[in-house]
**Q** 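The structure that follows is given in the form of structure tokens.
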Amino acid sequence: MSRLARSELLKLRTTRVVYVLAGIALVFSGLVAAIVAAEEGLDDDPALGLAEIAGTSGFLALVLGILLTTNEYRHGTITSTFLVTPRLPHVLVAKLVAGGLAGGILGMTVDVISFGIAIPWLNGSGDEIRVDGQLLEAAGRLVALYALFVLIGVAAGAIIQNQAGTIVAAFGWLFVVEQILNVIVAVLAEGDSPIGPYLPGGALAGVSATEGDLLEGGWALLLSCCYVVLLSAAGAAAMTRRDPV
């Protein structure tokens with residue numbers, strides 16, 4: 001298994017689009033941090049508030065996870081991968097390990113960029129971010145969020161196995177289907193949608209959120225991990241059922 005994981009990490013390191021997506025995520029998070037710091041838009045919990053805002057570029061990590069699985073289907077190299085490793089679920093587990101590590105590293109880099117820009121600026125303006133437990137919690141939430149986005153992308157790619165189709169399905173679910181469901185349920189309930197925090201997008205948002213109707217960080221993290229497990233199981237079943245070898 002360690003050999004497979006190292007192989008997947010090598011594929012990541014030698015794929016140009018990975019660096020493009022990471023660069024866009026870092027530039028975006030840096031710009032967001034600069035804008036927030038300039039406008040002094042953080043209130044009671046500046047560190048957690050900044051982490052929540054920086055987490056908005058997590059959708060790029062989702063694309064990264066999708067590419068980690070579907071690139072091989074797109075270029076036809078998945079057949080040789082399966083010939084080398086006939087136990088197909090092991091291939092998916094290796095991709096999940098590599099994806100989780102890549103997402104965590106990307107999250108840590110976003111931490112450095114976002115807080116490196118915002119902390120001096122905010123401290124100079126009186127909206128201080130202290131290097132304390134709250135800052136560590138905020139940084140940890142970002143790392144977990146990016147890792148989860150990559151893992152869900154890997155699992156979704158294993159289920160659909162088509163690059164464009166997986167990207168459209170993932171973004172369609174997060175930004176269209178969930179919103180429609182929330183509107184319908186809200187109308188029926190004559191208030192806020194009670195299911196929103198428990199849907200995949202709501203659970204992911206709750207990992208870095210500090211307020212609102214979302215689940216608290218720990219519960220959101222647990223629910224997001226459950227979605228990763230369920231989607232991964234479905235992905236392993238799909239890979240076995242549609243074995244191209």
Side-chain angles (χ1 to χ4, degrees), residues 1 4-5 8-9 11-12 18 21 55 57-74 78 81-82 85 87-107 141-182 195-209 214-215 217-244:
M1 183 59 65
L4 285 174
E8 295 300 331
L9 287 171
K11 293 174 187 176
L12 275 174
V18 171
L21 288 172
S57 60
F59 66 90
L60 293 169
L62 176 65
V63 175
L64 175 60
I66 292 171
L67 296 181
L68 179 59
T69 305
T70 58
N71 260 347
E72 293 205 65
Y73 285 97
R74 180 184 178 188
I78 193 67
T81 298
F82 286 165
T85 310
R87 295 181 179 180
L88 307 191
H90 287 192
V91 175
L92 179 57
V93 171
K95 290 182 180 296
L96 289 168
V97 171
L101 288 173
I105 292 171
L106 180 57
R141 287 191 185 205
L142 263 183
V143 172
L145 180 65
Y146 275 84
L148 286 166
F149 264 119
V150 175
L151 292 173
I152 286 179
V154 170
I159 295 171
I160 300 175
Q161 300 176 5
N162 176 275
Q163 193 166 100
T166 307
I167 292 174
V168 170
F171 280 75
W173 175 268
L174 291 176
F175 298 110
V176 178
V177 176
E178 283 199 15
Q179 307 310 314
I180 293 175
L181 287 174
N182 282 327
I195 68 169
Y198 302 96
L199 296 174
L204 288 168
V207 173
S208 62
L214 299 172
L215 295 175
W219 291 110
L221 177 61
L222 178 60
L223 180 58
S224 297
C225 289
C226 290
Y227 278 121
V228 169
V229 172
L230 290 173
L231 290 172
S232 298
M239 292 174 74
T240 303
R241 186 172 61 253
R242 299 198 293 267
D243 182 0

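Numbers here simply count residues along the sequence, with the first being 1. Side chains are part of it too, since the values below use all heavy atoms of this structure and drop only hydrogens, waters and symmetry mates.
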**Q** Listing request: all salt bridge (charged side-chain N to carboxylate O under 4.0 Å, His left out) pairs with a residue in residues 62-74, at least two apart in sequence or in separate chains.
**A**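 Listed once each, the pairs are Lys11-Glu72, Glu72-Lys95.
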
**Q** If you look only at distance, which donor and acceptor atoms sit under 3.5 Å apart when one is on a side chain in residues 224-231 and the other is two or more places apart or in another chain?
**A**
{"unit_1": "Ser224", "atom_1": "OG", "unit_2": "Ala203", "atom_2": "O", "d": "3.4"}
{"unit_1": "Ser224", "atom_1": "OG", "unit_2": "Ala220", "atom_2": "O", "d": "2.8"}
{"unit_1": "Tyr227", "atom_1": "OH", "unit_2": "Tyr198", "atom_2": "O", "d": "2.4"}

**Q** I'd like to check the side-chain contact (heavy atoms from CB on, under 4.5 Å) partners of Leu101; sequence neighbours left out, ordered by chain and number.
**A**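 With sequence neighbours excluded, Leu101 shows a side-chain contact (heavy atoms from CB on, under 4.5 Å) to Leu9, Val97, given in chain and number order.
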
**Q** Hey, what do you get for CD1 (Ile66) to CD (Gln163), rounding to the nearest 0.5 Å?
**A**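 Here the rounded value is 8.5 Å.
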
**Q** Can you confirm whether Leu60 sits close enough to Leu64 that some side-chain heavy atom of one is under 4.5 Å from a side-chain heavy atom of the other?
**A**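 No - every pair of side-chain heavy atoms lies 4.5 Å or more apart.
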
**Q** Testing the basics here: between Leu62 and Ala170, what is the closest heavy-atom pair and its distance to 0.1 Å?
**A**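 In this case the closest contact between Leu62 and Ala170 is CD2-CB, 4.0 Å.
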
**Q** CG/Leu174 to CG/Leu199 distance, rounded to the nearest 0.5 angstrom?
**A**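 Taking CG in Leu174 and CG in Leu199, the distance rounds to 10.0 Å.
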
**Q** Ignoring hydrogens, what is the shortest heavy-atom contact between Leu92 and Gly235? Give both atom names and the distance.
**A**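 The answer is CD2-C, 3.8 Å.
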
**Q** In the structure I gave you, are the side-chain heavy atoms of Leu21 and Leu67 within less than 4.5 Å of one another anywhere?
**A**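 Leu21 reaches Leu67 side chain to side chain.
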
**Q** According to the salt bridge (charged side-chain N to carboxylate O under 4.0 Å, His left out) rule, which pairs have a member within residues 227-238, sequence neighbours left out?
**A**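 Those involving residues 227-238 do not exist here.
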
**Q** Do Asn162 and Thr70 come close enough that some side-chain heavy atom pair is under 4.5 Å?
**A**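 Asn162 does not reach Thr70 side chain to side chain.
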
**Q** So which pairs with a foot in residues 160-175 pass salt bridge (charged side-chain N to carboxylate O under 4.0 Å, His left out), sequence neighbours left out?
**A**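 Listed once each, the pairs would be none.
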
**Q** What side-chain donor-acceptor pairs closer than 3.5 Å can you find for residues 142-158, not counting sequence neighbours?
**A**
{"unit_1": "Tyr146", "atom_1": "OH", "unit_2": "Ala54", "atom_2": "O", "d": "3.3"}
{"unit_1": "Tyr146", "atom_1": "OH", "unit_2": "Ser57", "atom_2": "OG", "d": "2.3"}

**Q** Only counting residues at least two apart or in another chain, list the ones meeting side-chain contact (heavy atoms from CB on, under 4.5 Å) with Ala205.
**A**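 Per chain and number, Ala205 pairs via side-chain contact (heavy atoms from CB on, under 4.5 Å) with Leu214.
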
**Q** Would you mind listing every side chain to side chain donor-acceptor pair (under 3.5 Å) that reaches into residues 165-180, with sequence neighbours excluded?
**A**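 Residue pairs passing side chain to side chain donor-acceptor pair (under 3.5 Å), neighbours aside: Trp173-Glu178.
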
